[in-house]
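Quick notes on the structure that follows.
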Amino acid sequence: AQTVTQSQPEMSVQEAETVTLSCTYDTSESDYYLFWYKQPPSRQMILVIRQEAYKQQNATENRFSVNFQKAAKSFSLKISDSQLGDAAMYFCAYRRGTTRGGSNYKLTFGKGTLLTVNP
Amino acid sequence: DAGVTQSPTHLIKTRGQQVTLRCSPKSGHDTVSWYQQALGQGPQFIFQYYEEEERQRGNFPDRFSGHQFPNYSSELNVNALLLGDSALYLCASSLGGRDTEAFFGQGTRLTVV
């Protein structure tokens, strides 16, 4: 079974600074996706960034980037120029890349990291 | 595009009762997944519906059941509620297939007393 581990229950960063959130995962699959989701107090999960295991290049979305180390099964999220609106719970998630009778596989989430941004 | 909508937003039920939660997927999506998120935890997969059939199921008892309608909307039913069923229930929709992403609703906060 796939597992996702986030070892930092809480992190804090000063506004405009950079912070890195850690995530490790365990799988025997070679075809999979990794995701970072943000969950603000409004409760809605918002996709921040995703990485396909076959792609060696690290994904980047504006101020958000990942460091994907496939051999080490590590997938960290770097937030640059942190803003007050970045404060939220961040979840790392895994999904197998193959389909199952047409549907895609479930997401497996870590326990999350609560990010606080200090003004 | 309304995105994924869930109803109700909050619900209080008594132990032993039954509850039905509803989800309308994002326009064009045909796959609906349900997750349970206990306080301070990550979401746990309950089950997924595609083409009106349950395609995958997580480690949840048979008290949890669901349905998908021809318009792709879905219901989650929980029978014989336990205090431990108190959680945020999230619905996620996606397009069937490989290269797709899940969009989440705002969830239903269920409190069992």
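- Counting only residues at least two apart or on different chains, the side-chain hydrogen bond (donor to acceptor under 3.5 Å, both in side chains) pairs with a member in residues 79-89 of chain A are A:R63-A:D86.
- Proximity to chain B is absent for every atom of A:Q6, based on heavy atoms less than 4.5 angstrom apart.
- The pair A:D31-A:R96 does not meet the salt-bridge criterion, since no charged nitrogen lies less than 4.0 angstrom from a carboxylate oxygen.
- For A:L107, the parts lying under 4.5 angstrom from a heavy atom of chain B are both the backbone and the side chain.
- With a threshold of 4.5 angstrom between heavy atoms, B:F47 does not approach chain A through any atom at all.
- Within 6.0 Å of atom CG in A:L84, more than 12 heavy atoms from other residues, nucleotides or ligands are found, so the atom counts as buried in its surroundings.
- By the neighbour-count criterion of 12 heavy atoms within 6.0 Å, atom CG of A:N62 is sparsely surrounded, having that number or fewer from other residues, nucleotides or ligands.
- Looking at B:E53, there are no atoms closer than 4.5 Å to chain A (heavy atoms on both sides), in backbone or side chain.
- In this structure, A:K78 places its NZ atom where only 12 or fewer heavy-atom neighbours from other residues, nucleotides or ligands lie under 6.0 Å away.
- Distance alone, capped at 3.5 Å, places no donor-acceptor pair between the A:Q51 side chain and the A:N67 backbone.
- Minimum interatomic distance between A:A59 and A:R50 (heavy atoms only, all atoms of both residues): CB-O, 3.3 Å.
- Remark: A:K38 is not positioned above the aromatic ring of A:F64, lacking an NZ or CZ atom under 6.0 angstrom from the ring centre and at most 45 degrees off the axis.
- Near-neighbour residues of residues 13-20 of chain B relative to chain A, defined by a heavy atom under 4.5 Å from a heavy atom of that chain, are none.
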